[in-house]
4 protein chains.
Amino acid sequence: MSASYFDDIGPIAFEGPQTSNDLAFRYYDPDRMVLGKRMEDHLRPSVCFWHSFCWDGFDVFGGGSFDRSWHRLEGQEMAEARLDAAFAFFEKLGTPFFAFHDVDVMAPASTMKEHAENFARILDPIEERMQETGVKLLWGTANLFSHPRYMAGAATNPDPEVFACAALQIRQALEATHRLDGENYVLWGGREGYDTLLNTDISRELDQLGRMLSLAVEHKHKIGFKGPLLIEPKPHEPTKHQYDRDTQTVYGFLERYDLLADVKVNIETNHATLAGNTMDHEVAAAFALGIFGSIDANRGDPQNGWDTDQFWNDPIEITRTMIHILKHGGLTTGGFNFDSKVRRQSIAPEDLFYGHIGGLDALARGLLAAAKIIENGAWQDNLVSRYADWDGPLGQEIMTRASLEDIAGRALADDLDPTPRSGQQERLENMILAAF
Amino acid sequence: MSASYFDDIGPIAFEGPQTSNDLAFRYYDPDRMVLGKRMEDHLRPSVCFWHSFCWDGFDVFGGGSFDRSWHRLEGQEMAEARLDAAFAFFEKLGTPFFAFHDVDVMAPASTMKEHAENFARILDPIEERMQETGVKLLWGTANLFSHPRYMAGAATNPDPEVFACAALQIRQALEATHRLDGENYVLWGGREGYDTLLNTDISRELDQLGRMLSLAVEHKHKIGFKGPLLIEPKPHEPTKHQYDRDTQTVYGFLERYDLLADVKVNIETNHATLAGNTMDHEVAAAFALGIFGSIDANRGDPQNGWDTDQFWNDPIEITRTMIHILKHGGLTTGGFNFDSKVRRQSIAPEDLFYGHIGGLDALARGLLAAAKIIENGAWQDNLVSRYADWDGPLGQEIMTRASLEDIAGRALADDLDPTPRSGQQERLENMILAAF
Amino acid sequence: MSASYFDDIGPIAFEGPQTSNDLAFRYYDPDRMVLGKRMEDHLRPSVCFWHSFCWDGFDVFGGGSFDRSWHRLEGQEMAEARLDAAFAFFEKLGTPFFAFHDVDVMAPASTMKEHAENFARILDPIEERMQETGVKLLWGTANLFSHPRYMAGAATNPDPEVFACAALQIRQALEATHRLDGENYVLWGGREGYDTLLNTDISRELDQLGRMLSLAVEHKHKIGFKGPLLIEPKPHEPTKHQYDRDTQTVYGFLERYDLLADVKVNIETNHATLAGNTMDHEVAAAFALGIFGSIDANRGDPQNGWDTDQFWNDPIEITRTMIHILKHGGLTTGGFNFDSKVRRQSIAPEDLFYGHIGGLDALARGLLAAAKIIENGAWQDNLVSRYADWDGPLGQEIMTRASLEDIAGRALADDLDPTPRSGQQERLENMILAAF
Amino acid sequence: MSASYFDDIGPIAFEGPQTSNDLAFRYYDPDRMVLGKRMEDHLRPSVCFWHSFCWDGFDVFGGGSFDRSWHRLEGQEMAEARLDAAFAFFEKLGTPFFAFHDVDVMAPASTMKEHAENFARILDPIEERMQETGVKLLWGTANLFSHPRYMAGAATNPDPEVFACAALQIRQALEATHRLDGENYVLWGGREGYDTLLNTDISRELDQLGRMLSLAVEHKHKIGFKGPLLIEPKPHEPTKHQYDRDTQTVYGFLERYDLLADVKVNIETNHATLAGNTMDHEVAAAFALGIFGSIDANRGDPQNGWDTDQFWNDPIEITRTMIHILKHGGLTTGGFNFDSKVRRQSIAPEDLFYGHIGGLDALARGLLAAAKIIENGAWQDNLVSRYADWDGPLGQEIMTRASLEDIAGRALADDLDPTPRSGQQERLENMILAAF
Ligand SMILES: [Co+2]
Ligand SMILES: [Co+2]
Ligand SMILES: [Co+2]
Ligand SMILES: [Co+2]
Ligand SMILES: [Co+2]
Ligand SMILES: [Co+2]
Ligand SMILES: [Co+2]
Ligand SMILES: [Co+2]
């Protein structure tokens, strides 16, 4: 029995900061009220299927190091045993959501027909386990990057037959997400970009990608799926350049193909930093541009230039991000999905728990500190007062009525010499740190 | 006499690849016909004022190392001596264009009034020298980042008075550019971003920046300036985050503020690489999105993480970029502006020539190789045939008529198994290299 | 009076985590006992002269934004006013140490003679203020990078006359450090490397650098200076390549020139990360190699690829570093020197305090958490047990007696199949975080 | 027959720069004399086994895309078919050397015993093919990173049993290299470092690594192997930190464990750039420190932060590297080993040839340009004259006799004011480019 893989562990309980139990929460306390809402409802944490239940610990330099019991099985039997293990883990961890790619949950398939059949066959077993455990689906998605047919992209492939294969997977995964009451549907374009510009027509490929999104939006409405579609930005890897580079880039793409009403972003911390952004920037920019959707919570390694997908366990960085989420009213359909994996040397069943416990505790600490900052008010007050003159006469004149000549004339006539004001970066940084 | 600073040198002549003269061109031959157009008309090279005539060789760790004769003068006298030196240099080098910021050419000013006066006073002297030498203006711009008043941004400053100061500079620089028959007007938002997100309201700042652009567009039409406005993307530096990150980001900004008709991009090589892009990507993306304007030709140093603005002397990288320019019909109002500076240790007058000669020869080699590739046709042919199926029945069906269901149905019914085709990256790379 | 620049502020008192006073310490409590030693004696914090009292806020893109009162003076008068301001700041902040370059404290000089005179003239005033305030000297150093004569290096300059100028500055600064009872003498080779390898003979330059170090060591013994000489590693900037790249590189250099007995490293956080290392790696490596000296406490900005020298305010990263220092018995002659500067927009006198308060509080939190970890013992226990088999028979056999053949034979004979053990990375990361 | 995999192609002939044949050399002409030596003897090119004959095109995000005929076989049959294919490729390409890891050439093994047997069983087949084709072994090595037993390192593993397994592989691979007349034996420590410092004792691990090297050196002498042992530096990946970071770091390690007489470096381009160095720096530094051994010729992708191992096809960068090799008398036991792989989309047999042809042509162009530069003499002349004063009286005085006091005294007495001289970076860069 695969479920027995975790038999010696859990359930994980909240024991508070002073506990010496490595298999307990120090800060994550689902029912604790924070700013009038349960902590769990603030964070909406989700465990991902691929990293924790599909990956066997291989990397580019070496083979699988894990010895998960279900990896020794095959086909549908393997797939169901894997489901058992996963739902056992979800229950013991006590998190309310999970997320999956089609290929994560099904028996492996070689052809499109087999894919369609194998995926269809796993939906009943998933649904049963969801009902038994009460665990809900944060989002589903289709894996359009692992099969070699996608080596040159899915929607952006030079071969329209590959686009058609992708369309089949998206249709099926979107409908499955709808059936399983998923709250969002995610698209990550891991191969939607290029390895070399020398063989690539950016213009055609962008149009193809825009077309696929439009088709998915149309289908979503047709089947009555209410959740948003979410694009997950990433700058590159496995490609040299991925079109959905970061939040600001995705915004331009959505504008171009008229998708702003239906598509938002699923922001991953590790992708943010690979793109040269901070996570709080990506989140703040998404809110500013009206396309915030959900979060893939993880982190990269500053010493390694690729997507390491480690658990996001920096409560300070989380606080800096969380203040923007709280300021904008909190998550709606989105959640904090642990797109995170334990290290290749973390081969014990316990390690999967340590990783998620660390991630949950860090999110909880970030939430508590952010709530303190929001309640204190000084951070928002500083922002408001810093820009206050833009709500005054000159600011309003500039933004609504004046011409360049008018404004330039004013500067000259008054020989303007604006008073320098401190940006107070250090004071504001201290404020964040004092909230712990 | 400042003009005498270069007395011992030049003019620089084309002598061909075999010359042993360090002060001659090996490849840059302005009148040589390439694909039916003079080389100079293809490249439209421009020397920039700031790096070569204003910078004294200081860096963050040490003071000025150059001993330019005009640096010992002051005020209007200095400004005119500097003009003399610059135009003497332009003539000896034989390049047709130059580019400047307002503060590069004028006597230093402390107040806005003084700024306006000093800038106005230098326009006649510039115009005279342009007429005497025949050197033309590729673009003008206003420096909205060096004066401490802009430490928190110009258009995006929390103080609308600073916006007004910037408006005055833009108005004046735009009108001067118009008067001097400049072909474009450039905006680089060196401080339009933030040092810390903790004190920043992205939403307000983007609106302010959009407003300034709209005001400039309106004014451009009012005064009858025909050239495009050009935004110069850069990811950061001096800021931590600059809003005009790269071409795809600027595209989204222009869409958002409805500026696509009047504003394009001035793409700098060093900014491209700092943003994690290749230069050929930026140029190809700008053409794909319809916003290509002009080029700031330089390069960074892969060992240094800032904007080193060295001369772009990699003919291979230039070729990879130039094929996209040629494919799209070549430059129109844009040019190759040497936003490039000699190193701090390159203190001799000759060094300014070595730098520009290397840059011009590299551009010429890149142009010649790109022309060979375009004439040969194999590169374009590969692109066309690679995507040919998108012009066939399935491709057209997908792009114009079918629903997701239709396409998915087709994949399933036919159990599609698309034939894998090589991406031929290595063959295409060899093709580029064989063109030298 | 320059001292009056800070008249409205301080002294800064410890008020505890709950204070709402931005100008108080929340964690830094000098007399608090931690592992049997006063917190101040653990941290030995030092304020640096250059960033806080010499820099005027300029950056490469713009002029000075600060309006420090002494910047309006000149010569010796300026230098003494600057001293007054600095010592007033030290006293109000309550830190026990400071550090300086020769040029930081003296009246500016053009020639070597003037340099020698002006530096000599400021030593009495420094000594007086040290006696009045009780503030001690952590280290002195000579600035061998700002004057244009050093543009191509100091010891590694192709011109031996430049080496001689550097020798004069080193002699004088080393003797001054001795006279002022400095605890260490630091060398940072900001220009000891190259801008282009094309004009550089690495072999000669390394020998020159080795020679300068040997001369300084010899002189140190001659004058009876007891403190260590400290090299400050940095990978590049202002150079493209600096010879003293990181701790492991400096170790090889010290081996090569037989300097291990007298020279150690002064490790700067920002330099560590620019070199692609973590700070805890640099510190742990320095202890492992026997060359740990002192710390320049600051941080870089992951979005900016240069030496931003911001205040190190990440208590988690500090904890990860501090556990290595505590494990090895703590600091001896070294300290935590704030080689840190407020941002260019932080123009108010208060901002200098906010920066240092944030830095001190973060160090204090890091120390407290590290002490908790050391006292708990689980971190060290895990290390010991992980390597325990190396103290067993096979481990000892391998390390002391066996040949390759013996060991290989054993592996083959026993068909060794080592038991995989978890690396427990996530559990250990949780352990660090739980210490806050 | 696997050899038939390449039946439609080759042999590859030199046809000169004007050929339009994609399967011919434009510059690589083995018998062409360059500076009195055959081009092949200058370059000593080697094809590697792992990338071209073992890798199936998988990456972290997707499965194998290649369809090499031997990948469908198993065990010894697969291993021999793979040998056939490889040697057919070597012959058609016409390169004189190859290189391999033990596991590349043998049937897969699960246990150490099986490893020893399977490796032993393939040596006769290799030797036969070497004799038939005349292809020689540049170097052999043991793969100490792919099997999960090495997940925490080989020599640096916390378990001495893993060290023993590694010792067995090294012994066998070293002896096989000796038997096959290999010219060098290489060690790459892919897992010799750490994923987290939290579970790592650097001091112990360095001693273990030093011990393994010493054992290998001892064994090399015992069996009479004449070639050098070569460490291949890399900064990280798959680890977070690898101890053999770069050439300067390896130098320090060799000094520490007294290995300088027997161990040198095998420098890989992609590892150099990942470590923040240029390739010419690494090579020049290795010569300066007396540890230059051999080259792994490839390149990374500046947009991707990992070891992409693409073919090194930048003749300019090669020239900058080659001038240092020529200046020091050329390669001895070393060669240019193509540690390079075609892209995952380059699935055709031809692509393997395109990759290597591009690599060989680029090496040939680099060699020809470097030879031109060396013959011209201006580059070396500039170096000599730049440092000439170090051979004069003051330079010699400083390097051999004077004390710090003497030299400082001289600077003061003469009030030295060294004449600034241009570093001429741009002129030197033009010189390199003019050699093409
Ligand atoms: Co993700
Ligand atoms: Co990721
Ligand atoms: Co520019
Ligand atoms: Co630039
Ligand atoms: Co420092
Ligand atoms: Co620094
Ligand atoms: Co290699
Ligand atoms: Co590699």
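Labels below follow one simple rule: chain letters A, B, ... track the order of the sequence lines, proteins then strands, and each chain is numbered from 1.
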*Among C:Met431, C:His115, C:Gln425, single out the residue with the greatest number of heavy-atom pairs under 4.5 Å to chain D.*
C:Gln425
*Please look at C:Asn157 and chain D and tell me whether the side chain, the backbone, both or neither of the residue comes under 4.5 angstrom of a heavy atom of that chain.*
backbone
*With only heavy atoms counted, which part of C:Gln169 is less than 4.5 Å from chain D, the side chain, the backbone, both or neither?*
neither
*Toward chain D, the part of C:Phe253 with a non-hydrogen atom under 4.5 Å*: neither
*chain D contact via C:His219 - side chain, backbone, both or neither, heavy atoms under 4.5 Å*: side chain
_Part of C:Ser385 lying under 4.5 Å from any heavy atom of chain D_ = neither
*Tell me, for C:Leu254 versus chain D, whether the close heavy atoms (under 4.5 Å) come from the side chain, the backbone, both or neither.*
neither
*Quick one: does D:Arg149's side chain have a donor or acceptor within less than 3.5 Å of a partner on C:Pro418's backbone?*
no
*CG (D:Asp258) with more than 12 external heavy atoms under 6.0 Å*: no
*With a 4.5 angstrom heavy-atom cut-off, which part of C:Asn382 approaches chain D: side chain, backbone, both or neither?*
side chain
*Taking atom CG of D:Leu198 and atom CZ of C:Arg427, what is their separation to the nearest 0.5 Å?*
11.0 Å
*Would you mind checking which part of C:Arg256 comes under 4.5 Å of any heavy atom in chain D, side chain (CB onward), backbone (N, CA, C, O), both or neither?*
both
_Pairing of D:Lys113 and C:Asp417 as salt bridge, 4.0 angstrom limit_ = no
*asked:* Donor-acceptor check, side chain of C:Asp389 to backbone of D:Asp159, threshold 3.5 angstrom: yes or no?
replied: no
*Tell me, for C:Met212 versus chain D, whether the close heavy atoms (under 4.5 Å) come from the side chain, the backbone, both or neither.*
side chain
*Using 4.0 Å as the upper bound for N to carboxylate O, is an ion pair formed by D:Glu405 and C:Arg171?*
yes
*Tell me, for C:Ala402 versus chain D, whether the close heavy atoms (under 4.5 Å) come from the side chain, the backbone, both or neither.*
backbone
*Given that the side chain runs from C-beta out, which part of C:Thr247 has a heavy atom under 4.5 Å from chain D: side chain, backbone, both or neither?*
neither
*asked:* Between C:Arg421 and chain D, with a heavy-atom cut-off of 4.5 Å, which part of the residue counts as in contact: side chain, backbone, both or neither?
replied: both
*At a heavy-atom separation under 4.5 Å, does C:Leu206 approach chain D through its side chain, its backbone, both, or neither?*
side chain
_With a 3.5 Å distance limit and no angle check, can you tell me whether D:Tyr387 reaches the backbone of C:Asp201 through a side-chain donor-acceptor pair?_
yes
*What class does the angle between the rings of D:Trp390 and C:Phe163 fall in, given that below 30° is parallel, 30 to 60° is tilted and above 60° is perpendicular?*
perpendicular
*Portion of C:Arg386 that has a non-hydrogen atom of chain D nearer than 4.5 angstrom*: both
